[in-house]
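In what follows, a structure is listed as structure tokens, so that the remarks can point back to it.
Values below: every heavy atom of this structure, side chains too, minus hydrogens, waters and symmetry copies. Along the sequence shown, the residues carry numbers beginning at 1.
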Amino acid sequence: QGLGNREPRRRVAGSGPVELRVEGVWARLVRVAMADARRVAARLPIAPPERATVPAWRELADRGAWREAFDSLGSAGLGRETRAADDVEELLVLADVARLSGHPRDAVVPLERLLDSFSQDRRAAVAAFTLGRLELDVLGDTRRGAAAFERALALGLPEALRQSAALRLDELRERTG
């Protein structure tokens, strides 16, 4: 007979056949081990579940505190975060932090990274349009502004912005000949 929870039937004097159920060795070991584990676990401190840590600059940006967000990053930190960013949303927020805090030149880097790495994303066309406005209106670079507007149109800019980009390109062509 194998390792089970039953022993063979035994005859007890003065009675008929009696079946004795004896707990197997394995069942006892498991019960003791579980009791030990519960005692040890009861003494361990319970840690809260780990949460993803949100950087200070991102919390500030999410509240619309653009200047404070930029101040917490600085120009070097913005560049570091731009290189580390792995999604479009993060790059758009970084561009907004720079742009809306009065650092338009720093906003160019995350927008260009977005266009280089995520050109298939539906938001890439609007990012290119924003880059065109920065280059042309704020930084005064007509060549780079025109290239960004052309790219925005090529990426499928929404109709609401398409006309504006086309008009800006026409104006640039008239001015530059």
Point-to-point distance, once rounded to the nearest 0.5 Å, from CG of L139 to CZ of R105: 4.5 Å
Residues E90 and R58 bridged, charged N to O under 4.0 Å: yes
Nearest heavy atoms of P104 and L134, plus distance in Å: CB-CD2, 3.7 Å
Rounded distance [0.5 Å steps], CG in L94 versus CD in E89: 10.0 Å
D106 vs F70, side chain to side chain contact (heavy atoms under 4.5 Å, CB included): CA-CA, chis, key distance, verdict: CA-CA 10 Å; D106 289 314; F70 185 86; 3.4 Å; yes
pair L114-D121: side-chain heavy atoms closer than 4.5 Å: no
Shortest non-hydrogen separation from A107 to A98 and the atoms involved: N-CB, 3.5 Å
Carboxylate-amine/guanidinium contact E81 R113, below 4.0 Å: no
Check against side chain to side chain contact (heavy atoms under 4.5 Å, CB included), L91 and L111: CA-CA 7 Å; L91 291 167; L111 291 170; over 6 Å; no
Flag, side chain of R133 to backbone of F129, donor-acceptor distance under 3.5 Å: no
Salt-bridge present (D96, R99; N to O < 4.0 Å): yes
Beyond-backbone contact of L136 with T142, side-chain heavy atoms, under 4.5 angstrom: yes
Spatial distance of atom CZ (F149) from atom CG (D170) [nearest 0.5 Å]: 12.0 Å
Option among T130, L153, V126 that satisfies the side chain to side chain contact (heavy atoms under 4.5 Å, CB included) test with L161: V126
Gap between atom OG of S117 and atom CG of D87 - 0.5 Å precision: 11.5 Å
Within-4.5 Å side-chain heavy-atom neighbours: E135 and R143: no
Point-to-point distance, once rounded to the nearest 0.5 Å, from CG of L73 to CG of L78: 5.5 Å
Donor-acceptor pair, side chain of S119 and main chain of D116, under 3.5 angstrom: no
Closest non-hydrogen atom pair, L155 against A128: CD1-CB, 4.4 Å
Step-by-step side chain to side chain contact (heavy atoms under 4.5 Å, CB included) determination, V97 to L60: CA-CA 9 Å; V97 164; L60 291 164; over 6 Å; no
Heavy-atom closest pair, residues A69 and A61: CB-N, 3.9 Å
R168 and D137 ion-paired at < 4.0 Å: yes
same_hphob_cluster(V138, V108) at 4.5 Å side-chain heavy-atom cutoff: yes
Salt-bridge criterion met for R173 and E150 (N-O under 4.0 Å): yes
